[in-house]
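The structure appears below as structure tokens.
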Amino acid sequence: MGIPDAAQDLSTEMEVDAFRRIFPLRFFERHLSESLRPDGRQLGKARDTIVNLGLVSTADGSALAKIGSTTMLAAIRMEVMTPSTDSPDEGCIGCYLVVLFSIPAEAAPVISKRLSDTILSSGMIDLKELCLVSGKAAWMGYLDIYCLDADGALFDAALLAAVAAFSNLQIPIVALNDNGRIVAVTGEKDQDNALITEKEAVNKEKRKLTLKNIPFSLTCILHKNYILADPTTEEESIMDTLVTVVLDSSDQMVSFYKSGGAALAYSSAIKSCVELARKRAKELKQILGEMDID
Amino acid sequence: MEIDREDGRTPNQLRPLACSRNILHRPHGSASWSQGDTKVLAAVYGPKAGTKKNENAEKACFEVIWKPKSGQIGKVEKEYEMILKRTIQSICVLTVNPNTTTSVIIQVVHDDGSLLPCAINAACAALVDAGIPMKHLAVAICCCLAENGYLVLDPNKLEEKKMTAFAYLVFPNTTLSVLPEGSSVAEGEPVEHGIITSVTHGVMSVDDYFLCVENGRAATASLSAFFRKNFQQSSSNAGYGNLEGWVYYTFHGHEAPFIRSIDTNGNIRAWLFCCGTSKLGDSSLMQITEKKGTVKRFYTGQDGLIKFWHMDSVDLLSTTDAEGGLQDFPRLRFDKEGNLLAVSTRDGFKILANSTGSKLLQ
């Protein structure tokens with residue numbers, strides 16, 4: 001802290017950009033003392049969020065989520081596999097985060113693991129719905145998330161994209177042929193009329209999954225006694241204490257994730273973060289609701 | 001809220017703890033920590049020169065390698081590594097050794113539930129054994145929620161499988177204060193109530209989570225006491241002769257822990273602050289020498305002077321500038337046997353005191 005004097009002298013002469021680069025923490029704290037952030041947001045406000053569905057036609061379900069500049073594209077492919085012996089009536093979901101650029105390499109597997117843990121433990125998807133023939137065939141969903149642009153709050157955007165993709169998912173039509181294997185039914189009428197009589201159509205038509213307890217997340221930064229919701233990369237790099245709260249639609253806490261960081265989380269901070277997450281969950285529910293997703 | 005646990009423990013009771021330090025020869029610090037049957041070995045190498053590519057060169061860097069008992073390293077291990085790394089970064093003082101890398105290697109010996117908290121505790125003990133400067137210890141506990149809503153601490157593997165949700169919580173350790181105003185309070189709660197790290201699995205209500213945090217905090221008191229007792233046991237081993245015990249004291253305005261050094265005949269005890277950043281924002285290295293009942297305290301701060309205090313008061317006893325030549329934030333160190341006290345200067349170092357008393361050698 002031997003720098004304050006130097007900053008006082010230079011700050012009057014320096015340009016804003018230079019001050020932002022050289023004294024980033026002081027730049028932010030000057031804004032925080034006025035309850036604002038450099039991009040003009042209030043402390044508890046998240047950035048503009050957009051969700052688009054069905055962008056990838058070759059995937060069984062896809063969605064694009066954009067929170068500010070952070071852009072995540074989620075795509076789901078369904079493949080048939082044999083279920084494991086201890087859960088013969090259930091399918092499974094595998095989650096993979098593909099990083100194109102701008103995320104450090106060690107963050108990607110952690111985010112994808114957290115994402116798959118959150119989706120599975122929230123109970124959003126009933127794995128029994130993914131069962132085709134008990135003990136013999138079940139669906140495996142490969143969820144691929146592509147990070148097209150990373151500007152903070154990666155987990156939030158990834159979760160939103162994943163949830164939207166699952167709501168957009170349509171399980172393809174398959175039938176059981178005489179070898180006992182599941183094959184896809186392509187839907188060409190003249191060929192299939194003959195074939196379908198032999199095969200037993202397991203899925204009569206494309207169906208959607210029923211989603212209950214959709215999880216919504218909010219990442220916050222704790223810095224002294226300020227709580228900043230939905231940080232950008234710049235904010236994350238300067239103030240390193242991140243807390244992610246995931247709540248589901250019935251107001252249960254799916255996850256409270258805080259991993260180290262200079263600031264400790266006291267009960268008051270936890271309560272405020274949960275409140276902010278509740279508000280955010282309402283906003284996100286509304287955004288998804290506008291696209292006819294329940 | 002009674003629930004029957006298979007091993008007969010009460011819901012808030014931890015399994016038997018065991019910790020041994022300095023068990024491996026090559027690493028600079030090592031510790032094994034076991035809670036019941038879960039056992040984890042931690043080894044610390046470092047600090048070594050140089051940081052990794054994208055890391056900030058003005059701070060010390062940590063890398064964690066997690067080795068499972070069997071099988072390949074997958075996403076689970078990577079997540080544990082990241083959680084451990086960030087937890088260690090938040091408890092260690094990163095500015096003392098800038099541009100260095102310290103490696104922490106965790107080897108799982110046996111997993112019988114509550115693995116990540118066990119690993120965090122082991123890593124902490126190993127860092128203490130290596131003498132890495134830390135602000136406080138990290139005390140980790142696993143708290144889980146059963147189907148009927150009961151809360152259980154420190155589950156074993158069978159219990160974990162039956163739980164609907166669990167939370168791994170890491171708190172700073174509880175400290176003993178010498179001076180009453182030494183206990184630090186932030187935001188109306190004692191510092192040790194803050195959460196360093198929290199990872200939850202499974203769905204629980206918000207109130208249940210707060211209940212987990214309460215129970216976890218209560219358990220940290222017993223874990224901290226165990227740490228304290230374990231570190232106070234001195235061994236007459238000459239290898240790390242001067243880093244053998246920890247006693248935690250907080251002084252007015254300073255929060256860093258001590259390392260205690262005991263020489264072989266137990267006469268001279270040197271108490272070394274493992275670096276501190278006071279609330280006033282100065283960085284200082286503090287040392288205390290206890291000789292035949294009088295205790296003195298040294299403090300070096302920004303003004304290049306070394307100040308002495310008597311341990312029980314905050315008044316300045318005397319100062320010396322050791323004939324000048326001291327840098328800002330000089331480093332004070334004892335030598336290996338605890339006989340000489342040296343301070344770093346611009347051109348090297350000067351010997352300040354030797355074991356025959358508080359004579360200052362100029």
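D144(A) is linked by a side chain to side chain contact (heavy atoms under 4.5 Å, CB included) to R77(A), Y96(A), Y146(A), counting only residues two or more places apart in sequence or in another chain.
For the set A167(B), G74(B), S90(B), the count of heavy-atom pairs under 4.5 angstrom toward chain A peaks at S90(B). Note on E81(B), R86(B), K85(B): by heavy-atom pairs under 4.5 Å with chain A, the leading option is R86(B). Counting heavy-atom pairs under 4.5 Å between each of T200(B), V76(B), V213(B) and chain A puts T200(B) at the top.
Taking all atoms of both residues into account, the shortest heavy-atom contact from K78(B) to V110(A) is O-CG2, 3.8 Å. Considering every non-hydrogen atom in both I83(B) and Y257(A), the closest pair reads CG1-OH, 3.5 Å. Nearest heavy-atom pair, S112(A) versus K75(B), reported as atom, atom and distance to 0.1 Å: OG-CD, 3.5 Å.
Only the side chain of V274(A) comes within contact range of chain B, judged by heavy atoms closer than 4.5 Å. Residue D251(A) touches chain B through its backbone alone, counting heavy-atom pairs closer than 4.5 Å.
Side chains of R217(B) and S267(A): a donor on one and an acceptor on the other come within 3.5 Å.
Using non-hydrogen atoms only and a strict 4.5 Å limit, the part of residues 201-210 of chain B facing chain A consists of H201(B), G202(B), V203(B), M204(B), S205(B), V206(B), Y209(B), F210(B).
Listed for the K258(A) side chain is a donor-acceptor partner under 3.5 Å among the backbone atoms of I196(B).
The side-chain heavy atoms of P172(B) and L264(A), taken from C-beta on, include a pair separated by under 4.5 Å.
Expressed to the nearest 0.5 Å, how far CD1 of I195(B) lies from OG1 of T241(A) amounts to 12.5 Å. Taken from CE in M82(B) to NZ in K113(A), the straight-line distance is 12.5 Å, to the nearest 0.5 Å.
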